[in-house]
There are 2 protein chains.
Amino acid sequence: MNEKKQLLLNAALKLFVEKGFHGTSTSEIAKTAGVATGTLFHHFKTKQELINSLYLYTKEQLLTAITMDYQDSEQFKSNLKRLWLNFTHFGIENSDMFQFIIIFHSSPYITSLTKEQAETRFDDVLIFYRKGIENQEIKTVKDEMMVEFFLGTIFSTVNYFNKHPEQLNEKNMNLTFELFWDGISK
Amino acid sequence: MNEKKQLLLNAALKLFVEKGFHGTSTSEIAKTAGVATGTLFHHFKTKQELINSLYLYTKEQLLTAITMDYQDSEQFKSNLKRLWLNFTHFGIENSDMFQFIIIFHSSPYITSLTKEQAETRFDDVLIFYRKGIENQEIKTVKDEMMVEFFLGTIFSTVNYFNKHPEQLNEKNMNLTFELFWDGISK
DNA sequence: ATATATACTGACTAATCAGTCTATATTGTG
DNA sequence: CACAATATAGACTGATTAGTCAGTATATAT
């Protein structure tokens, strides 16, 4: 990736989270990145294309962080916990990216084509857990409800530790996972 | 409340959720409400004041919907469930307002003063449950974490039923509450 | 009925926006 | 080195924006 292109993505990420899509001008993005506006439009044909690229980029970073490391030798709970912890830690350590994904996931600024691209890659991760979910100690709930609940608890956990960073330690992190786990287990 | 002022709030709510704060022009809000732009600026000094008013208005509507009807005669679980169900139903039936509150709660467009105003009124509701939480069958978790978890599960439940309205029935609603309840109970 | 305040209108303005264009610099290739 | 392709720059433009203003209509009070 070209250096200035990367600087532009970083600047756009920060500003979009802070002030929204329309609240951030292309000239401000260029200024923050330390480049000219012409350079921005050289790398991204339109502002629209910039935010689409940014969405794919952040989702890719998230996917890398939660890597598909399902271990058949381990218990289902351990596998699920590792996924949950990876996801949550990503959210805490990359709060701009996490916020961006949350905000712009259900936003009209990202074209549906881009969303589909990102979503498909995402489902690939969850498919590993689907066979783990069947015949396990988990409540019989629709897959989609389970995914929403999973994401909802991560969302609230990240929010909590962002607001109260002094509470961030292994004990409390385990406790919040137990809230999720006891909810879904039979 | 003045009729045209109400029309302006309704139009702004719809458009802000759809296209964001800066993505919606004041002329479009006025046009959607069927009034002149001058009328908008007569009722709200600035666009900023409009969104602040809207935030207080939607929070007020939410508060009314989840009314403080704690019944000491009933079990804690029943009281909590009623609050949870009122909240969730509000989110499903008033999806624009719910979305608006979620989006603009952690957004720089609402001044922190306005947020405080709304938050104070909100805490008044939760205080009724605090004494219920003590010495109950609930896990010992920080109050703030409990609130985040509470809101997180409502958020995911509303999201789920919005995406899959055909799944909306009493049985599934009870099931989703049990996910929350089993998580927090000892 | 008259006076005063409030509600409303839409044309207007200075500022700002996304995107263009022309020119210059840097890089890669043979 | 030569020369083409790519990267960078920033002044510029037509369109759009939040907010103003001068005047008109409607409601309220005495």
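Model, not experiment: these values are computed from the prediction. So that the names make sense, note that chain A is the first sequence line, chain B the second, and so on, each numbered from 1.
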Are any of the side-chain nitrogens in A:Lys186 or B:Glu178 under 4.0 Å away from the carboxylate oxygens of its partner? no
Distance test, side-chain N/O of B:Lys4 to OP1/OP2 of C:dT9, below 4.0 Å: yes
Closest listed nucleotide, where the reference is the side chain of B:Val35 and the choices are C:dT9, D:dA7, D:dG19: C:dT9
Separation of B:Ile51 atom CD1 from D:dG19 atom P, in whole Å? 12 Å
Regarding B:Lys5 and the six-membered ring of B:Phe44, is the cationic atom NZ or CZ under 6.0 Å from the ring centre and inside 45° of its axis? yes
Earlier contact from the 5' end, DNA chain C, for A:Lys45 and A:Glu28: A:Glu28
Closest to the B:Lys47 side chain, choosing from D:dG19, D:dT17, D:dA7: D:dG19
Please state how far atom CG in B:Leu40 lies from atom P in C:dA7, giving the value in whole angstrom units. 14 Å
Here the distance between atom P of D:dA7 and atom CZ of A:Phe44, to the nearest Å, is 12 Å
Given the ring of A:Tyr55, does A:Lys115 sit roughly above its face, with NZ or CZ under 6.0 Å from the centre of the six-membered ring and within 45° of the axis? no
Using whole Å, report how far NE2 of B:His43 lies from C1' of D:dT20. 17 Å
Provide, to the nearest angstrom, the distance between the CG atom belonging to B:Leu7 and the C1' atom belonging to C:dC8. 13 Å
Is any side-chain N or O of A:Asn2 closer than 4.0 Å to OP1 or OP2 of D:dT6? no
Which nucleotide wins on minimum distance to the side chain of B:Ala36, given the candidates C:dT9, D:dA18, D:dT6? C:dT9
Without decimals, in angstroms, what is the distance between A:Lys5 NZ and D:dA7 P? 9 Å
For A:His22, answer base if it contacts any base atom (sugar-phosphate contacts may also be present), sugar-phosphate if it contacts only those atoms, and nothing otherwise; contact means non-hydrogen atoms under 4.0 Å. nothing
Looking only at side-chain atoms of B:Thr37, point me to the closest of C:dC8, D:dA7, D:dT20. D:dT20
Here the distance between atom P of D:dT26 and atom CD of B:Glu3, to the nearest Å, is 14 Å
In the structure I gave you, are the side-chain heavy atoms of B:Leu151 and B:Phe87 within less than 4.5 Å of one another anywhere? yes
Is the shortest side-chain N/O distance from B:His42 to OP1 or OP2 of C:dC8 below 4.0 Å? no
Whole-Å distance, B:Ile29 CD1 to D:dT17 P, equals 11 Å
Applying a 4.0 Å non-hydrogen cut-off, can you work out what A:Thr26 is touching in the nucleic acid: base, sugar-phosphate, or nothing? base
So which heavy atom on B:Ser95 is nearest to which on B:Asn162, and how close? CB-ND2, 4.1 Å
N or O in side chain of A:Thr39 less than 4.0 angstrom from D:dA9 OP1/OP2: yes
Check every atom of C:dT20, C:dT9, D:dA7 against the side chain of A:Phe41 and return the nucleotide holding the closest atom. C:dT20
